[in-house]
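Contents: one structure, followed by commentary.
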2 protein chains.
Amino acid sequence: MQLSPAYKTIFNKALEKSSLKPTKQREHIFSLILDKKDHPTADEIFTRSRDTMPTISLATVYNCLETLVESGLIRQVNFERESTRYCPNLKPHAHFLCKNTGNIYDVDLPDSIFSALKKNLPENFQTEQIDINFNGSIKKN
Amino acid sequence: MQLSPAYKTIFNKALEKSSLKPTKQREHIFSLILDKKDHPTADEIFTRSRDTMPTISLATVYNCLETLVESGLIRQVNFERESTRYCPNLKPHAHFLCKNTGNIYDVDLPDSIFSALKKNLPENFQTEQIDINFNGSIKKN
DNA sequence: AAATTAATTTAGAATTATTCTAATTACACT
DNA sequence: AGTGTAATTAGAATAATTCTAAATTAATTT
């Protein structure tokens, strides 16, 4: 429940860049997300936070998540209208939701596929972000 | 506000296949979605419905949308956790959300891109659906 | 060190989209 | 015409998130 020196630096830099303060609540939540990369919801993060920081409030969890997204340290993951989930993997990747278990998996993708996708847009469409979600199941063998 | 004979047949067949009744509310909502393909929300559909069917309820709109999705006549479109939108385009395609106007555009995609995407999954991952969302803006020129 | 300021945290209320519930209505089939 | 099943309806309930206003914290100036 403690950021490594390397991440601590990344954390400080990212927040500073957005003129946000590196508070202990923000750091705590960031470290929780790095610690268990199972794409938790705000509520799950709230519950986990309470174990080691019993006074944190749900509103603070939401606030911190917002600032972490804003400063580019984590990203949101949405499937349909389910609760928003949070992911610290910043490489370009997609998500796979297993309909049986509810687990979400990161799917690394080459840059080439993002450029191939953009080729299908009219030229005046400027893309800022592409979200790719797989739905399916995982066969055991 | 009337289905063409061709769509009427598609509509009847699709509902029959799911053992659902082709009621006038369901038909009305389906025809509204076909008439104005601007990816309306349930609430927008409700408002539009009222113009020509003043007694329809919001619950019915939600119910009908659910059955239309279930029977494969329309699909849901979700950006982040915004209200679910509905789309009658059944060809494989993505969506582009313009952050300035809020408009959503269909982006036709070749099948090849879907198979290219699936190649990045572990072999035991079985895909049922892939959702692709672009975010950005449209440059006028 | 005390005072000032601005940002952050907090608890709880408010909001919003959607789902649920239970009663009514509509329709197909005896 | 009567019965049974599915669909519709109005309004209540739910759940995730955002808002509000007060309290706390941290940094800066006096």
Side-chain angles (χ1 to χ4, degrees), chain A residues 11-12 14-32 39-50 52-71 73-86 102 104, chain B residues 11-12 14-32 39-50 52-71 73-87 97 102 104:
Chain A
F11 172 77
N12 286 330
L15 287 175
E16 192 179 9
K17 200 157 155 192
S18 314
S19 343
L20 295 165
K21 306 256 161 77
T23 66
K24 64 179 185 311
Q25 286 87 345
R26 286 171 180 166
E27 180 174 341
H28 187 239
I29 283 171
F30 184 42
S31 83
L32 282 173
H39 306 91
T41 63
D43 209 66
E44 286 165 349
I45 293 167
F46 176 57
T47 305
R48 292 177 198 178
S49 298
R50 285 262 164 168
T52 37
M53 188 180 271
T55 59
I56 201 169
S57 75
L58 181 56
T60 300
V61 171
Y62 273 103
N63 291 339
C64 291
L65 289 169
E66 191 184 336
T67 60
L68 293 172
V69 169
E70 219 174 292
S71 50
L73 291 165
I74 61 174
R75 58 183 266 202
Q76 296 183 278
V77 179
N78 289 284
F79 275 88
E80 312 266 314
R81 281 202 25 107
E82 288 175 19
S83 305
T84 297
R85 297 175 171 278
Y86 297 87
I104 292 173
Chain B
F11 173 77
N12 286 331
L15 287 175
E16 191 179 8
K17 200 158 155 191
S18 313
S19 345
L20 296 164
K21 306 256 160 77
T23 66
K24 64 179 185 311
Q25 285 88 344
R26 286 172 180 166
E27 181 174 340
H28 187 238
I29 284 171
F30 185 42
S31 82
L32 282 172
H39 305 91
T41 62
D43 209 67
E44 287 165 348
I45 294 166
F46 175 57
T47 304
R48 293 177 196 179
S49 298
R50 284 262 163 169
T52 36
M53 189 180 269
T55 58
I56 201 170
S57 75
L58 181 57
T60 300
V61 171
Y62 273 103
N63 290 341
C64 289
L65 289 169
E66 190 183 338
T67 60
L68 292 172
V69 169
E70 218 175 292
S71 50
L73 291 165
I74 61 174
R75 57 183 265 203
Q76 296 184 278
V77 180
N78 289 285
F79 275 88
E80 313 267 313
R81 280 196 32 101
E82 289 174 20
S83 303
T84 297
R85 298 173 170 279
Y86 296 88
C87 176
L97 170 65
I104 292 172

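Throughout, a chain's letter reflects where its sequence line sits, starting with A, and its residues are numbered from 1.
For DNA chain C, the residues of residues 76-83 of chain B within the heavy-atom distance limit of 4.0 Å (strictly under) are B:S83, sorted by number.
Checking the phosphate oxygens (OP1, OP2) of D:dT9, a side-chain nitrogen or oxygen of B:Q25 falls inside 4.0 Å. The phosphate of C:dT8 (OP1 or OP2) has no side-chain N or O of A:T60 nearer than 4.0 angstrom. The phosphate of C:dT9 (OP1 or OP2) has a side-chain N or O of A:T23 nearer than 4.0 angstrom.
Under the salt bridge (Lys or Arg N to Asp or Glu O under 4.0 Å) criterion, the residue pairs touching residues 20-29 of chain A are A:K8-A:E27, with sequence neighbours excluded.
Counting non-hydrogen atoms under 4.0 angstrom, A:T55 reaches the backbone sugars and phosphates but no base. Here B:D43 lies out of heavy-atom contact (under 4.0 Å) with every strand. As judged by a 4.0 angstrom heavy-atom cut-off over every strand, A:T41 is placed among residues making no nucleic acid contact.
We find that CD of B:E66 is positioned 18 Å from P of C:dA17, with the value rounded to whole Å. Residue A:L58 contributes atom CG, which lies 12 Å from atom C1' of D:dA15 at whole-angstrom precision. Remark: P of D:dT24 and CD1 of A:I56 are 17 Å apart, rounded to the nearest angstrom. Atom CD1 of B:I29 is separated from atom P of D:dT8 by 8 Å (rounded to the nearest Å). For B:N63 and C:dA26, the CG to P distance is 16 Å, given to the nearest whole Å. What separates CD of A:E70 from C1' of C:dA7 is a distance of 13 Å, to the nearest Å. The interatomic distance linking B:H28 (NE2) with D:dT9 (P) rounds to 11 Å, in whole Å. Atom CG of B:L65 and atom P of C:dT18 are 10 Å apart (whole Å).
The distance from the CG atom of B:D43 to the OH atom of B:Y62 is 6.5 Å, given to the nearest 0.5 Å.
A heavy-atom distance below 4.5 Å is found between the side chains of B:L68 and B:I29. Within the 4.5 Å cutoff, side-chain heavy atoms of A:L32 are placed close to those of A:S49. Under the 4.5 Å side-chain criterion, counting only non-hydrogen atoms from C-beta, A:R75 is not in contact with A:Y86.
With a 6.0 Å radius and a threshold of 12 heavy atoms from other residues, nucleotides or ligands, B:E82 has its CD atom above the threshold.
When distances are taken from the side chain of A:Y62 to each of D:dA16, C:dT8, D:dA10, the shortest belongs to D:dA16. Closest approach to the B:R26 side chain among D:dA7, C:dA17, D:dA16 is made by D:dA7 (side chain taken as heavy atoms from C-beta onward). Among the nucleotides D:dC19, C:dT9, D:dA6, the one closest to the side chain of A:A59 is D:dC19.
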Next item on the list: Apply the test side-chain contact (heavy atoms from CB on, under 4.5 Å) to residues B:N78 and A:N78: give CA-CA distance (whole Å), side-chain angles for both, the deciding distance (0.1 Å), then the verdict.
Entry: CA-CA 9 Å; B:N78 289 285; A:N78 289 284; over 6 Å; no

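Judged by distance alone, with hydrogens and angles left aside, the side-chain atoms of B:R50 form no donor-acceptor pair with the main-chain N or O of B:T55 at under 3.5 Å. B:R85 contributes no side-chain N or O that, together with a main-chain N or O of B:P40, makes up a donor-acceptor pair within less than 3.5 Å.
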Next item on the list: Would you sketch DNA chain C in dot-bracket for me? Only Watson-Crick or G-U wobble pairs with both distances under 3.5 Å count, crossing pairs as [ ], other-strand pairs as |, the rest as dots.
Entry: ||||||||||||||||||||||||||||||

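Here the closest non-hydrogen pair linking B:P22 and B:N12 is CB-OD1, 3.3 Å.
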